[in-house]
Amino acid sequence: MDIAQVVDLLDNLLFDKTGSHLDFIQKSVLEGTLQDQTYSEIALKSGYSESHVGDTASDLWKLLSQLLGEKVRKANVKGILEKTNFNQVSGVIVSGIVGVTNNISVCNKTNHPKNNSPPTQKISSPKLHLNNAPKFPYFYGRNNELSTLTDWLINQQIRLITIFGISGIGKTAIALHLINQIPQHFDYIIYRSLYFSPSLTTTLTNLLQIFSPPEIPNDIESQINLFIDYLTQYQCLIILDDIQNLFTSQKLAGTWQTDRTSYNLLFQAIAQSSHHSNILLLSQEKWQEIQQLEKSNYPVKSLILSGLDSDVTAILDRQNLADRELWSQLITLYQGHPLWLELTATLILDLYAGNVSQFLEHNQLIVPEGVRSHLDRQWQKLAPTEQTIMLQLAQETAPISISKIIPKIDMVATELINSISSLKMRFLLETGTTENGNFINLTPILKEYIKISYHP
């Protein structure tokens, strides 16, 4: 029996005991350790940092210690597996692993039951290209969203998926966490950030080099065609992050930079071509063309992330904040936004010794400097007309209809309505319906930010 099968045995045992499986990085650590690899070697192969591999390993050995009833460490895991009687541990029809090496032998002390089902082919480990991906030591909740994404990728075979949401809401975190759930379905898993707004030629050349083609053509059309060929030849999961940086600042949402419009050709080809791969696009703002592809019934879907609910308490718990009964108030004030809560919790810990009650005594929404700096960067990207609308909305004491806000702003109606639509595409407006019709509003945190920044 090879190492992959041994890992599967432990994975099945864990599932029997806890209802959870080993994730991708845990399996990588276990496989690498059984191959006598160092954490540095495992990190290089898996695409994670050495520190993240070490932290994962530490938690894994604790988990296996509980599972097997014996203290497990990197140095002794082979020896423990050699003498483990899996039949006694969980009823698995394998009772001892002898000689844990690259070619592991299994001592079968019981008879195997008859199984008329065809053998399941083991998919080899994917080639990971995640060196440039940010590391998230903590991940909170998002179980429903993860289930949705997994269904779209595996069952519905959606070729192009966009994950939208305001900055800091967790788009990159959920995309990278998703990798741990479904690595066995892909030959290649690739992450690339477009933070510095590279040209399409630069991005395609970078991606094509991964597949080692004999040569890379010079023109965009040939590069796209070659890229689609590789998406057809292999099953790839490719994450392209920071799409919003391809758009022009101080223009309405989704306005492409003049020399970046060719990305539309790539996204259209991915959506319309028949291939076996999945592309995830992460962005802080929507753009018209992607909405049109989705409406045209192509295999394109969008997921919009909002704030976390009860799962976000893990952030406050990790900061050891006091007054747990008041945490729900804190979460409501900051809309379950993970980054805003993280920065606020740090402030409470530093200035109030972790006492939430003292922090809330101000009876005023506090915008920590970290949150303010974060919002500054988003404000600077807005078109002047969008800023004007937000300044007016910040003065409103209640949600307001579009028809009632038009007379309050010196702006042509068409320009105003397009700007409101743009703010929605940036996820900066709250919208809803009452008996009096539709309304728009700003969240409390945005109102307070504008008040302290632009209405001193």
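What's counted below: heavy atoms across the whole structure, side chains too, no hydrogens, waters or symmetry copies.
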Handout entry: Ion pair check, Asp241 and Lys171, cut-off under 4.0 Å
Key = no
Problem - Note, Ile190 side chain near Leu237 side chain (heavy atom, < 4.5 Å) - result: no
Handout entry: Between OG1 on residue Thr202 and CZ on residue Phe196, distance to nearest 0.5 Å
Key = 13.5 Å
Problem - Interatomic spacing from CD1 in Ile80 to NZ in Lys78 - rounded to 0.5 Å - result: 13.5 Å
Problem - Side-chain donor/acceptor of Thr255 to backbone N/O of Lys251, under 3.5 Å - result: no
Problem - Considering all heavy atoms, the nearest His275-Ile270 contact - result: NE2-O, 2.9 Å
Practice task
First locate atom NZ of Lys301, then atom CG of Leu153, and finally report the distance between them rounded to the nearest 0.5 Å.
Solution key: 12.0 Å
Fill in the blank from the handout: The residue among Leu446, Asn441, Ile420, Thr443 that forms side-chain contact (heavy atoms from CB on, under 4.5 Å) with Leu429 is Ile420
Exercise for the section: Apply side-chain contact (heavy atoms from CB on, under 4.5 Å) to Glu289 and Gln268, showing your working. Expected result: CA-CA 9 Å; Glu289 294 85 356; Gln268 184 174 348; over 6 Å; no
Exercise for the section: Give a yes or no answer on whether the side chain of Ser283 reaches the backbone of Glu285 with a donor-acceptor pair at less than 3.5 Å. Expected result: yes
Handout entry: Passing option when Ile238 is tested against Ile210, Leu231, Asn278, Ile189 for side-chain contact (heavy atoms from CB on, under 4.5 Å)
Key = Leu231
Completion exercise
Note: Leu393 and Leu442 closest approach over all heavy atoms is CB-CG, 3.7 Å
Exercise for the section: Begin from the C-alpha positions of Gln250 and Leu382 and carry the test side-chain contact (heavy atoms from CB on, under 4.5 Å) through to its verdict. Expected result: CA-CA 5 Å; Gln250 300 180 357; Leu382 300 181; over 6 Å; no
Problem - Side-chain (Ser65) to main-chain (Val72) donor-acceptor, under 3.5 angstrom - result: yes
Problem - Under 3.5 Å donor-acceptor, Ser296 side chain and Tyr298 backbone - result: no
Exercise for the section: Might you confirm whether atom CD of Gln156 has over 12 heavy atoms from other residues, nucleotides or ligands at distances under 6.0 Å? Expected result: yes
Exercise for the section: Name the orientation class of the two ring planes belonging to His337 and Trp340 (parallel below 30°, tilted from 30 to 60°, perpendicular beyond 60°). Expected result: parallel
Problem - Over all atoms of both residues, closest heavy-atom pair of Tyr230 and Pro214 - result: OH-CD, 4.5 Å
Problem - N/O donor-acceptor pair under 3.5 Å between Thr205 side chain and Thr201 backbone - result: yes
Exercise for the section: Using the ring of Tyr39 (Phe, Tyr or Trp, six-membered ring only), decide whether Lys74 places NZ or CZ under 6.0 Å from its centre and within 45 degrees of its axis. Expected result: yes
Exercise for the section: Begin from the C-alpha positions of Leu252 and Met425 and carry the test side-chain contact (heavy atoms from CB on, under 4.5 Å) through to its verdict. Expected result: CA-CA 9 Å; Leu252 297 185; Met425 292 170 68; over 6 Å; no
Handout entry: Heavy-atom donor-acceptor pair, Thr346 side chain to Glu342 backbone, under 3.5 Å
Key = yes
Practice task
State, yes or no, whether a side-chain contact exists between Gln380 and Ser249 at a heavy-atom distance under 4.5 Å.
Solution key: no
Handout entry: Main-chain N/O of His276 paired to Arg159 side chain as donor or acceptor, under 3.5 Å
Key = no
Practice task
Just jot down the side chain to side chain donor-acceptor pair (under 3.5 Å) partners of Ser302, sequence neighbours excluded, or say none.
Solution key: Thr162, Glu294
Handout entry: Aromatic ring proximity, centroids under 6.0 angstrom, Tyr188 and Phe211
Key = yes
Fill in the blank from the handout: Distance col, row Gln378:CD vs Gln244:CD, nearest 0.5 angstrom, shows 9.5 Å
Practice task
Check for a donor-acceptor pair, side chain of Asn206 on one end and backbone N or O of Thr203 on the other, with a separation under 3.5 Å.
Solution key: no
Practice task
Verify whether one side chain among Gln257 and Ser197 offers a donor that lies under 3.5 Å from an acceptor in the other.
Solution key: yes
Practice task
Please name the pair of heavy atoms, one in Leu208 and one in Pro213, separated by the smallest distance, quoted to 0.1 Å.
Solution key: O-CD, 3.0 Å
Practice task
Measure the acute angle between the ring planes of Trp287 and Trp256, then classify it against the limits of 30° and 60° as parallel, tilted or perpendicular.
Solution key: perpendicular
Fill in the blank from the handout: Correct closest heavy-atom pair for Pro134 and Thr172 would be CG-CG2, 3.7 Å
Problem - Any side-chain heavy-atom pair of Pro444 and Tyr334 under 4.5 Å - result: no
Handout entry: More than 12 heavy atoms of other groups within 6.0 Å of Glu369 CD
Key = yes
Practice task
Ignoring hydrogens and angles, state whether a donor on the side chain of Tyr449 or Asp376 is under 3.5 Å from an acceptor on the partner side chain.
Solution key: yes
Handout entry: Over all atoms of both residues, closest heavy-atom pair of Gln387 and Trp379
Key = NE2-O, 3.0 Å
Practice task
Supply the atom-to-atom distance Ile220 CD1 to Leu266 CG, rounded to the nearest 0.5 angstrom.
Solution key: 9.0 Å
Exercise for the section: Would you tell me whether Asn180 and Lys27 have side-chain atoms, one donor and one acceptor, within less than 3.5 Å of each other? Expected result: no
Problem - Check: Gln235/Ser277 side-chain N/O donor and acceptor closer than 3.5 Å - result: no
Problem - Note, Leu281 side chain near Ile161 side chain (heavy atom, < 4.5 Å) - result: no
Problem - Any side-chain heavy-atom pair of Leu240 and Leu282 under 4.5 Å - result: no
Handout entry: Qualifying residues under side-chain contact (heavy atoms from CB on, under 4.5 Å), relative to Thr313, sequence neighbours excluded
Key = Trp327, Ile331
Exercise for the section: Report yes if the side chains of Leu305 and Glu145 come closer than 4.5 Å at any heavy-atom pair, otherwise no. Expected result: yes
Exercise for the section: Report yes or no: does Asp229 contribute a side-chain atom to a donor-acceptor pair with the main-chain N or O of Ile224 at less than 3.5 Å? Expected result: no
Handout entry: Spatial distance of atom OG1 (Thr344) from atom CD1 (Ile445) [nearest 0.5 Å]
Key = 6.5 Å
Practice task
Could you check if a side-chain atom of Arg426 sits within less than 4.5 angstrom of a side-chain atom of Ile166, using non-hydrogen atoms only?
Solution key: no
Practice task
Kindly write out the residues that satisfy side chain to side chain donor-acceptor pair (under 3.5 Å) with Gln284, not counting sequence neighbours, or none if the list is empty.
Solution key: none
Practice task
Evaluate the criterion side-chain contact (heavy atoms from CB on, under 4.5 Å) for residue pair Ile290 and Leu160; output intermediate values, then yes/no.
Solution key: CA-CA 9 Å; Ile290 201 72; Leu160 189 63; 3.6 Å; yes
Handout entry: Distance-only side-chain donor-acceptor flag, Ser222 / Asn225, under 3.5 Å
Key = no
Handout entry: Minimum side-chain heavy-atom gap Leu226-Pro217 below 4.5 Å
Key = yes
Practice task
Look at the side chain of Ser421 and the backbone N and O of Ile417, then say whether any donor-acceptor pair between them is shorter than 3.5 Å.
Solution key: no
